[in-house]
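Take a look at the structure set out below.
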Protein chains: 2
Amino acid sequence: MVSIKDIAKKAGVSISTVSYALNGSNKVTDETSSKILAIAKELNYVPNAAARTLKKRESKIVGVFLTDFSGDVYGDLLTGMKAVCNTQGYDLIVCSGRQSHRMLPERMIDGAIILDQTFASEELLQYADRGHKIVVLDRELDHMNINQVLLDNKAGATLAMEHLIEQGLTKIYVVTGPEGSFDSVQRMKAVRQVTEREPNVEWMVITGDFEKSSGEMAANQIIQEYTSPVGVFCLNDEMAIGLCNRLASSELQVGQDIHVIGFDNIELSSYVSPRLVTVDYSKRKWGSLAAEQLIKLMAGEPVEHERIYVKLVGGGSVRNQAEYTPVITVGDNSAAYY
Amino acid sequence: MVSIKDIAKKAGVSISTVSYALNGSNKVTDETSSKILAIAKELNYVPNAAARTLKKRESKIVGVFLTDFSGDVYGDLLTGMKAVCNTQGYDLIVCSGRQSHRMLPERMIDGAIILDQTFASEELLQYADRGHKIVVLDRELDHMNINQVLLDNKAGATLAMEHLIEQGLTKIYVVTGPEGSFDSVQRMKAVRQVTEREPNVEWMVITGDFEKSSGEMAANQIIQEYTSPVGVFCLNDEMAIGLCNRLASSELQVGQDIHVIGFDNIELSSYVSPRLVTVDYSKRKWGSLAAEQLIKLMAGEPVEHERIYVKLVGGGSVRNQAEYTPVITVGDNSAAYY
DNA sequence: TTGTATGCGTTATCAG
DNA sequence: CTGATAACGCATACAA
């Protein structure tokens, strides 16, 4: 490995001069500087990250932590983060799994963005106590060194429930996420608030886990209990799609007998038929905002918690009860109901 | 930041004793060792990654480089890599974009797995020359420090073309990937070989770019030129799905007028209707094999290039010409043709 | 068994 | 403008 020492030797100068030249300091003659640069290039010199990080006490790297790599939500999110990080001189690395948690306390990264169930909140608070800067996307955590950028889960779930109710549905199933999920808990809170205001809406909970398979399970139960048109609010799209998929091989029609609404607007949602009604938000913006907040936090600037707004997007998986009945005799005006 | 120096001071021993104790060396009394460990825990000591990396000249981190984060192929691939890396004491980080290339030469990572168009082959060869260990998944590169783990593109494309021909199709469109793509080039080679053996099959190329939108473009052209049933081999699933999507809003039926086959078997492929016929392979295995090869390479063990085998998976997007015509009068036996 | 001393490759503070 | 030199936090050969 070629180090500044090698360059110094070859150039006949001291290592500090080399360091200055390499870092573009104006404390060195243009002449010697260009000579040094030339030699550096000739020798294929590349600075050693570990040494620089050790000395400067910062790595200029931001880490994102994901529960797993398999989610469909992450693409745009990461793209947004990377864009912001890169323009601010930071590199972004993506990590997953308990093993990788050490990157933060060991100071391999300067800050972390968390969307990762495998991080306990106590663990995060501990790191924050030791001065590490963190942005959380999947929980509420109050600490000087922690900033939250959260989805407006409550608004989304409210929109979804109200939409089903407005279509005339009076019986609604809600398929939840896994127990520990912050998003699931938040969305359920909103569901309860809405239903409390609507006494003549009958609703029941089916426990899911945000995976497609639990949507299928839910479908089985709903098929068994079916008597008349019902609404189903799946707390994420994956489950909604699993549910629609199972329903496709049954007698019941989505958007006619079973009115399905999801959450997240993942890409797949626009490829199921009829198109899934779901709660949409900009994943890209979520990512870039998270990165911006983290960078401010690391720079010592004051930051306030942020919220990502959501809206309902249409499809044929939910139809109005009143309008629908006559339509069936005319033909199938699937999709593009909105 | 608490360092071994702080621990040494508090324990009344030298830093080397602390270092030994922390690293579980048996060169130190159980008594002092446990005392040191206790103090370390009390002080929330965490080793500094940069210092360790600098000293040991290895980071125990493997980097994967992706062209972008948005692909649907990556989930299982990364999961496979992570599993192997973690069991071997390595951490895995995912990087994307030119900025992050530096991680390799700057020795932030011990080795790299490449699935990234933004890496020029010359760049990789240069790094390999300087002793960096690399596994490439997206090109052929011969070097002592580079190992290839490639898809059997040729077999896959051959299977796909032969399948279309066997169904009685005599006119076949092939929608390619972008110009620089290794996979696209390899698949096209196989296409040419097959068609050379089949003189009475008429075939034509449509240039695509592996994105859904180019599948839609291809669909437009095919619709315009349509006279009788044709086969379409899209060199990846994304384009095939874009194509099917566009076709859905036309008069032409997939699996009847237009017989579509893709490549990759991404998750979406099983959600389009009719299910896409495509070339399948284990992304998980691809990832784990790549990681295994890299770890061997880093350990100085001899490794040979590896190949990931592929197979055709069924769906309703391609049907037999002879069998099909009578079936139409009976009803729609969509999907599950295989 | 423990301590001393050195160096990994940088940056940065001083003198000159 | 340039050169010694001292850290950064850790691992380890060698001494005691």
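Fair warning: this is a prediction, and the values are worked out from it, not measured in the lab. In what follows, every chain begins at residue 1, and chains take the letters A, B, ... in the order their sequences are listed. All values below come from the heavy atoms of this structure, side chains included, with hydrogens, waters and symmetry mates left out.
- Donor-acceptor pairing under 3.5 Å is lacking for the side chains of D183(B) and S181(B).
- Between the CG atom of D6(A) and the P atom of dG7(C) there is a distance of 15 Å, rounded to whole Å.
- Atom C1' of nucleotide dT2(C) and atom CG of D30(B) are separated by 15 Å, given to the nearest angstrom.
- Under a 3.5 Å cut-off, the side chain of S96(B) and the backbone N or O of L66(B) do form a donor-acceptor pair.
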Sequence neighbours left out, cut at 3.5 Å: what donor-acceptor pairs do the side chains of residues 101-115 of chain A make with other protein atoms?
residue: H101(A); atom: ND1; partner: G97(A); partner atom: O; Å: 3.4
residue: H101(A); atom: NE2; partner: T118(A); partner atom: O; Å: 3.2
residue: H101(A); atom: NE2; partner: T118(A); partner atom: OG1; Å: 3.2
residue: R102(A); atom: NE; partner: D91(B); partner atom: OD2; Å: 2.9
residue: R102(A); atom: NH1; partner: E106(A); partner atom: OE1; Å: 2.8
residue: R102(A); atom: NH2; partner: D91(B); partner atom: OD2; Å: 3.1
residue: E106(A); atom: OE1; partner: R52(B); partner atom: NH2; Å: 2.9
residue: E106(A); atom: OE2; partner: R52(B); partner atom: NH2; Å: 3.3
residue: D110(A); atom: OD1; partner: S59(A); partner atom: N; Å: 2.7
residue: D110(A); atom: OD1; partner: S59(A); partner atom: OG; Å: 3.1
residue: D110(A); atom: OD2; partner: S59(A); partner atom: N; Å: 3.2
residue: D110(A); atom: OD2; partner: K60(A); partner atom: N; Å: 2.6

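- Cation-pi geometry between K283(A) and Y281(A) is met: under 6.0 angstrom from the ring centre, within 45 degrees of the axis.
- Interface limits on DNA chain D: the 5'-most and 3'-most nucleotides within less than 4.0 Å of chain A heavy atoms are dC1(D) to dG9(D).
- The two residues L297(B) and K133(B) have their closest heavy-atom pair at O-CE, 3.7 Å.
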Discussion item. What verdict does the side-chain contact (heavy atoms from CB on, under 4.5 Å) test give for R130(B) and V2(A), after you've listed the backbone C-alpha separation in whole Å, the side-chain angles of each residue and the deciding distance to 0.1 Å?
Written reply: CA-CA 10 Å; R130(B) 297 185 212 158; V2(A) 29; over 6 Å; no

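- Contact record, T67(A) with Y74(A): N-OH, 4.4 Å, taken as the closest heavy-atom pair.
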Worksheet item: When you look at Q148(A) and V135(A), which way does the side-chain contact (heavy atoms from CB on, under 4.5 Å) test go after all the steps?
Response: CA-CA 6 Å; Q148(A) 316 170 178; V135(A) 169; over 6 Å; no

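- Taking five base pairs at each end of the helix from dT1(C)-dA16(D) to dG16(C)-dC1(D) and finding the rotation axis that steps the C1' atoms of four pairs onto the next four gives two axes whose angle is 50°, to the nearest 10°.
- Between F119(A) and F65(A), the ring center distance clears the sub-6.0 Å criterion.
- If you check residues 40-56 of chain A against DNA chain D, the residues with a heavy atom closer than 4.0 Å are L54(A), K55(A), listed by number.
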Please list every donor-acceptor pair under 3.5 Å in which a side-chain atom of residues 25-32 of chain B meets a protein atom from a residue at least two apart or in another chain.
residue: S25(B); atom: OG; partner: K27(B); partner atom: N; Å: 3.0
residue: T32(B); atom: OG1; partner: T29(B); partner atom: O; Å: 3.1

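- When rounded to the nearest whole Å, the span between CG of L22(A) and C1' of dT11(C) equals 12 Å.
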Item to complete: I would like to know whether D264(B) and N236(B) meet side-chain hydrogen bond (donor to acceptor under 3.5 Å, both in side chains); could you show each step before the answer?
Response: CA-CA 6 Å; D264(B) 283 342; N236(B) 80 349; 4.7 Å; no

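- Rounding to whole angstrom units, NZ of residue K27(A) and C1' of dT11(C) are separated by 11 Å.
- With contacts defined as side-chain heavy-atom distances shorter than 4.5 Å, the pair D209(B)/E211(B) qualifies.
- Residues from residues 10-20 of chain A that place a heavy atom under 4.0 Å from any atom of DNA chain C, listed by number: I15(A), S16(A), S19(A), Y20(A).
- When rounded to the nearest whole Å, the span between CZ of R107(B) and C1' of dT10(C) equals 15 Å.
- Rounded to an integer number of Å, the gap from NZ of K5(A) to P of dT6(C) is 14 Å.
- A donor and an acceptor atom, one from each side chain of S14(A) and T17(A), are located under 3.5 Å apart.
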